[in-house]
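First up is the structure itself, then whatever we jot down about it.
The basis for the numbers below is simple: all heavy atoms, side chains too, and nothing from hydrogens, waters or symmetry mates. Note that this is a predicted model, so its numbers are computed, not measured.
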Amino acid sequence: MATKNFNLTRLQGCKTYTEIIYTQVWSRVEAYQTEYPDQETFIMAFGDTTQPLPSTAGKALVDSAYDLINPETYTGYEDVTGNPGLRQAICTHYYQEHLDVELSSEEVFISDGAQSVSSNIQELFAHDSKIAIPDPAYPSFVEGTLLADRPLIYLPCDEHNNFVPNLPNEPVDLIYLCFPNNPTGAVATLEQLQVFVEYARTHKAVIIYDAVYSLFITTPNIPRSIYEVESAKECAIEISSFSKWASFTGLRVGWVVVPEALTIDNTVPGELNDLWRIRHGIKFWGTANIAQKGAIAALSPAGQRECRDIVRFYLQNARLLQEGLEAVGLKCFGAIDSPFVWVKAPTGWDSWQFFDHLLQATGIVGVPGCIFGQLGEGYLRLSALGHRQSIEGALNRLRQCTVIGE
Ligand code: PLP
């Protein structure tokens with residue numbers, strides 16, 4: 001007799017984070033639009049991108065599509081760990097040229113974005129591994145942990161620690177970190193990351209580092225990769241993606257680095273890398289070969305120039321938004337090194353009250369911070385990955401308000 005997987009019923013209200021946004025947030029937006037049909041709404045709830053693909057990547061996609069209809073150039077299955085040219089390009093043009101980090105292409109596994117691998121990577125570890133996750137956090141870290149039925153503790157992040165967690169105060173096996181952070185937009189200094197690396201090496205724990213927004217970092221001396229910290233290869237796995245800085249959200253190309261030097265209890269160097277290759281080969285046979293060619297082009301000199309323009313555009317959105325919100329007396333975090341503005345609710349308001357008030361007063365739609373964890377209560381996340389027109393419309397509405405709250 002088949003029985004359902006009860007872990008799938010453990011999510012908040014039996015819904016994923018994306019479903020919660022679509023149902024709870026969207027139902028309020030629809031009610032507002034019905035009540036005020038003449039008022040514009042400015043949707044800043046979704047972390048999806050709006051800028052088009054870099055033309056260099058688009059051209060590579062077209063060329064590789066033509067290759068597929070030509071019998072002379074047709075290719076089928078890609079190497080399951082990813083196109084070797086792409087794996088090498090990530091090592092050379094992303095890690096080596098920008099970050100001075102040396103990796104071998106065997107340490108890089110191509111994925112269909114960061115989302116799937118951010119949960120799946122847990123399969124490299126024993127079922128009873130205890131997992132530490134910052135609160136608030138990108139929800140799939142928690143969702144993936146609940147689904148895998150692994151023990152979980154939270155690492156509080158608030159204004160007192162600048163949204164960078166302290167070390168766990170009980171033993172853990174895996175620690176999720178994500179900088180620049182979604183939802184808070186916070187970044188961590190080299191010294192702050194060093195503390196985690198030392199902890200992980202001492203306790204034979206592993207850091208799972210989500211660096212999806214790393215190319216949004218503009219503040220000098222802020223690490224873009226955990227591997228900028230000495231010895232991090234011995235204790236950290238890094239997940240990244242072309243989604244946000246190269247407009248690949250629909251194309252689905254990301255990667256995970258499982259360093260040869262990574263070891264835990266009872267393993268030798270290279271063993272975890274080898275085990276991930278086996279897991280990859282059993283459960284994942286690579287992302288679309290065309291998309292991988294596009295990603296190689298995004299890492300070419302011309303592609304990188306275009307990607308920098310995309311990132312600059314979103315960061316400008318974020319700054320405009322932050323200035324407009326601060327002008328009406330709201331306290332904002334993030335925005336400088338990430339496409340997210342983490343806005344504090346006026347005193348006495350919870351996330352949903354703030355959400356409703358901002359919607360009514362300005363038409364701006366964010367995501368209530370409480371959706372990202374208990375300590376997100378009292379905040380709202382706004383995404384600056386939208387169109388400039390929408391940001392400017394929102395700013396105009398904000399200018400018509402003198403002060404929000406109190
Ligand atoms: N990690 C973080 C922190 C994210 O914000 C997102 C998407 O919003 C992802 C991972 C998933 O990205 P991808 O499109 O590469 O799957």
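Shortest non-hydrogen contact noted between I290 and S64 is CG2-OG, 3.4 Å. Shown here for L11 and K15, the closest heavy-atom pair between the two residues is CB-O, 3.4 Å. Between N273 and V258, the closest heavy-atom pair is ND2-O, 2.8 Å. Nearest heavy-atom pair, A60 versus A297, reported as atom, atom and distance to 0.1 Å: CB-CB, 3.5 Å. The shortest heavy-atom contact between S390 and F42 is O-CD2, 3.4 Å. In terms of heavy-atom proximity, A236 sits nearest to Y227 at O-OH, 2.8 Å.
For K59, the NZ atom sits in a loose shell: 12 or fewer heavy atoms of surrounding residues, nucleotides or ligands are nearer than 6.0 Å. Within 6.0 Å of the CG atom in N5, the count of heavy atoms belonging to other residues, nucleotides or ligands exceeds 12. Around atom NE2 of H98, more than 12 heavy atoms belonging to other residues, nucleotides or ligands sit under 6.0 Å away. Around the CG atom of N221, the shell of radius 6.0 Å holds no more than 12 heavy atoms that belong to other residues, nucleotides or ligands. Annotation: Q389, atom CD; neighbour count of heavy atoms from other residues, nucleotides and ligands within 6.0 Å does not exceed 12. Counting non-hydrogen atoms of other residues, nucleotides and ligands closer than 6.0 Å to CD of Q360 gives a total above 12. Crowding of Q374 atom CD: a count of heavy atoms from other residues, nucleotides or ligands under 6.0 Å not exceeding 12.
Inter-residue side-chain proximity for F355 and D350 is flagged as unmet; no heavy-atom pair is nearer than 4.5 Å. Side-chain contact between I20 and V367: absent, with no pair of heavy atoms (C-beta onward) separated by less than 4.5 Å. At a threshold of 4.5 Å between non-hydrogen side-chain atoms, the residues F333 and E159 count as touching. Residues L382 and L325 form a side-chain contact, since some pair of their non-hydrogen atoms from C-beta on lies under 4.5 Å apart. K244 is not listed as a side-chain neighbour of I310, based on a closest heavy-atom distance of 4.5 Å or more. P136 places a side-chain heavy atom less than 4.5 Å from the side chain of C157. Under the 4.5 Å side-chain criterion, counting only non-hydrogen atoms from C-beta, E306 is in contact with S55. Residues I226 and V257 fail the side-chain proximity criterion, which asks for heavy atoms closer than 4.5 Å.
Between the side chains of T184 and N181, at least one donor N or O sits under 3.5 Å from an acceptor N or O. No side-chain N or O of Q304 forms a donor-acceptor pair with one of S300 less than 3.5 Å apart. Using modelled atom types, one finds a donor on one side chain and an acceptor on the other under 3.5 Å when comparing Y95 with E238. For the residue pair E78 / Q292, no side-chain donor-acceptor distance below 3.5 Å is found, with atom types taken as modelled.
In this structure, R308 forms no cation-pi arrangement with W245, as its terminal cationic atom is not both closer than 6.0 Å to the ring centre and no more than 45° off the ring axis.
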Report the C-alpha distance between E123 and K283 in whole Å, list the side-chain angles of each, state the deciding distance to 0.1 Å, and finish with yes or no for salt bridge (Lys or Arg N to Asp or Glu O under 4.0 Å). CA-CA 11 Å; E123 291 186 20; K283 288 204 173 177; 3.1 Å; yes

What verdict does the ring-ring contact (aromatic ring centres under 6.0 Å, His included) test give for Y199 and F196, after you've listed the backbone C-alpha separation in whole Å, the side-chain angles of each residue and the deciding distance to 0.1 Å? CA-CA 5 Å; Y199 172 95; F196 276 92; 7.4 Å; no

Are L174 and I207 close enough, and set up right, to give a side-chain contact (heavy atoms from CB on, under 4.5 Å), and what steps lead you there? CA-CA 6 Å; L174 305 179; I207 297 167; over 6 Å; no

Give the intermediate values and the outcome of side-chain hydrogen bond (donor to acceptor under 3.5 Å, both in side chains) for residues R388 and Q316. CA-CA 9 Å; R388 181 63 50 81; Q316 178 70 3; 5.7 Å; no

Give the intermediate values and the outcome of side-chain hydrogen bond (donor to acceptor under 3.5 Å, both in side chains) for residues T34 and E30. CA-CA 6 Å; T34 307; E30 280 175 347; over 6 Å; no

Please test T49 against S247 for side-chain hydrogen bond (donor to acceptor under 3.5 Å, both in side chains), starting from the C-alpha separation and ending with a verdict. CA-CA 6 Å; T49 47; S247 303; 4.9 Å; no

Is there a side-chain hydrogen bond (donor to acceptor under 3.5 Å, both in side chains) between T41 and Q33? Walk through the geometry before answering. CA-CA 8 Å; T41 42; Q33 287 170 338; 2.9 Å; yes

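Residues passing the side-chain hydrogen bond (donor to acceptor under 3.5 Å, both in side chains) test with E107: none are found, sequence neighbours excluded. Under the rule for a salt bridge (Lys or Arg N to Asp or Glu O under 4.0 Å), the partners of R277 that lie at least two apart in sequence or sit in another chain are D274. With sequence neighbours left out, E97 forms a salt bridge (Lys or Arg N to Asp or Glu O under 4.0 Å) with no residue at all. Residues satisfying the salt bridge (Lys or Arg N to Asp or Glu O under 4.0 Å) criterion with E143, sequence neighbours excluded, are absent altogether. With sequence neighbours left out, D158 forms a side-chain contact (heavy atoms from CB on, under 4.5 Å) with H160, N161. Residues satisfying the salt bridge (Lys or Arg N to Asp or Glu O under 4.0 Å) test with D48, not counting sequence neighbours, are none.
We find the NE2-CD1 distance between H203 and I264 to be 15.5 Å, quoted to the nearest 0.5 Å. Between the CD1 atom of I131 and the CD1 atom of I175 there is a distance of 11.0 Å, given to the nearest 0.5 Å. The CD1 atom of I110 sits 7.5 Å away from atom CG of N83, with the distance rounded to the nearest 0.5 Å.
The aromatic rings of Y32 and Y36 sit tilted relative to each other, their planes meeting at an angle between 30° and 60°. Between Y379 and W342, the ring-plane angle classifies as parallel under the 30° and 60° cut-offs. The aromatic rings of F242 and F248 lie tilted to each other, with the angle between the two planes from 30° to 60°.
Remark: the backbone N or O of G386 is paired with a side-chain donor or acceptor of N317 at under 3.5 angstrom. Side-chain atoms of D210 do not come within 3.5 Å of backbone N or O of C178 as any donor-acceptor pair.
The pair D356-R28 meets the salt-bridge criterion, since a charged nitrogen lies less than 4.0 angstrom from a carboxylate oxygen. Here D173 does not pair with R150 in a salt bridge; the nearest charged N to carboxylate O distance is not below 4.0 Å.
V195 pairs with exactly one of V229, L167, T189, N166 by the side-chain contact (heavy atoms from CB on, under 4.5 Å) rule, that one being L167. Here the options are W276, F109, Y94, the test is ring pair (Phe, Tyr, Trp, His ring centres under 6.0 Å), and the partner is W255; only Y94 passes.
You'll find the ring centres of Y22 and F46 inside the 6.0 Å limit. Aromatic pair F340/Y213: centroids less than 6.0 angstrom apart.
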